[in-house]
Number of protein chains: 2
Amino acid sequence: MGRGKIVIRRIDNSTSRQVTFSKRRNGLLKKAKELSILCDAEVGLVVFSSTGRLYEFSSTNMKAVIDRYTNAKEEPGAANSTSEIKVWQRKIYLLPMTP
Amino acid sequence: MGRGKIVIRRIDNSTSRQVTFSKRRNGLLKKAKELSILCDAEVGLVVFSSTGRLYEFSSTNMKAVIDRYTNAKEEPGAANSTSEIKVWQRKIYLLPMTP
DNA sequence: GGGACTATATATAAGAA
DNA sequence: TTTCTTATATATAGTCC
């Protein structure tokens with residue numbers, strides 16, 4: 001989708017990687033929004049740049065999406081996956097609560 | 001991107017909405033993957049169709065992404081946002097633990 | 001880090017199977 | 001609901017500010 005064809009593999013040049021990230025990130029966020037509107041879907045998108053910056057989009061609010069996701073993952077009933085999810089939810093809860 | 005131009009608003013026809021969802025969902029998941037590879041970014045994408053089916057993509061694993069997301073939201077330190085996150089995380093934790 | 005500017009590569013709307 | 005085809009709308013690679 002541009003002057004030249006590219007292969008999907010990590011872009012070595014740090015500067016180009018940043019530029020491409022900026023462009024594609026915007027495109028991805030836009031598409032996520034369009035999908036949610038056009039198809040009445042609930043979407044949650046989280047992106048961390050290689051430098052650690054956070055970008056996000058959620059059709060409703062991320063809390064609701066994560067909440068629903070967690071529940072959906074629990075339902076399949078596999079005792080295995082269920083406990084795994086509960087373990088890490090609990091783990092998050094037990095993180096330091098200091099302001 | 002197609003035979004005709006469209007406006008971004010909910011597609012009324014249920015059948016077309018489903019077809020469009022199927023196509024765009026695939027495109028979105030593909031783009032999410034490309035972004036993560038090309039730019040070495042951590043990506044988490046969750047999509048619920050209007051019929052409730054779940055589709056997802058995560059460059060590492062959703063648990064790690066949500067975990068990192070939660071932490072990133074806590075750090076900004078705004079006492080306000082911090083407590084809000086803790087509130088709903090706690091809420092999730094308090095959900096019924098019955099298998 | 002964003003804009004702006006093309007030329008191209010891609011995604012995808014329509015339609016049919 | 002996925003698959004295939006084809007015409008078009010879009011996204012975006014490369015480059016300069």
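Sequence lines set the chain letters: A, B, ... in the order given, protein chains first and strands last, and positions in each chain run from 1. Treat the numbers as computed from the prediction; the structure is a model and nothing was measured.
Rounded to whole Å, atom P of D:dA11 lies 12 Å from atom CG of A:Leu28. To the nearest angstrom, P of D:dT3 lies 10 Å from CZ of B:Arg25. With rounding to whole Å, A:Lys23 atom NZ is found 9 Å from D:dG14 atom P. Atom pair A:Arg3:CZ and D:dC16:P shows a separation of 11 Å (rounding to whole Å applied). In this structure, A:Phe21 places its CZ atom 17 Å from C1' of D:dA13, rounding to the nearest Å. Taking atom CD1 of residue B:Ile6 and atom C1' of nucleotide D:dA7, one finds them 15 Å apart after rounding to whole Å.
A:Ser16 comes within contact range of no nucleotide atom at all, as no heavy-atom separation falls under 4.0 Å.
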Throw together a table of side-chain donor-acceptor distances under 3.5 angstrom for residues 31-39 of chain B, partners on residues two or more places apart or in other chains.
from    : atom 1 : to      : atom 2 : distance (Å)
B:Glu34 : OE1    : A:Arg24 : NH1    : 2.8
B:Ser36 : OG     : B:Lys33 : O      : 2.7

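B:Arg25 pairs by the salt bridge (charged side-chain N to carboxylate O under 4.0 Å, His left out) definition with nothing, not counting sequence neighbours. For B:Arg10, the salt bridge (charged side-chain N to carboxylate O under 4.0 Å, His left out) criterion is met by A:Asp40, not counting sequence neighbours.
Both A:Gly4 and B:Arg24 sit near DNA chain C, but only A:Gly4 has its closest nucleotide nearer the 5' end.
First and last contacting nucleotides of DNA chain C toward chain B (any atom under 4.0 angstrom from a heavy atom, 5' to 3' order): C:dA11 to C:dG15.
The C1' atoms of five pairs define one axis at each end of the helix from C:dG2-D:dC17 to C:dA17-D:dT2, and these two axes lie 60° apart (to 10°).
Listed by residue number, there are no residues of residues 36-57 of chain B with a heavy-atom contact under 4.0 Å to DNA chain D.
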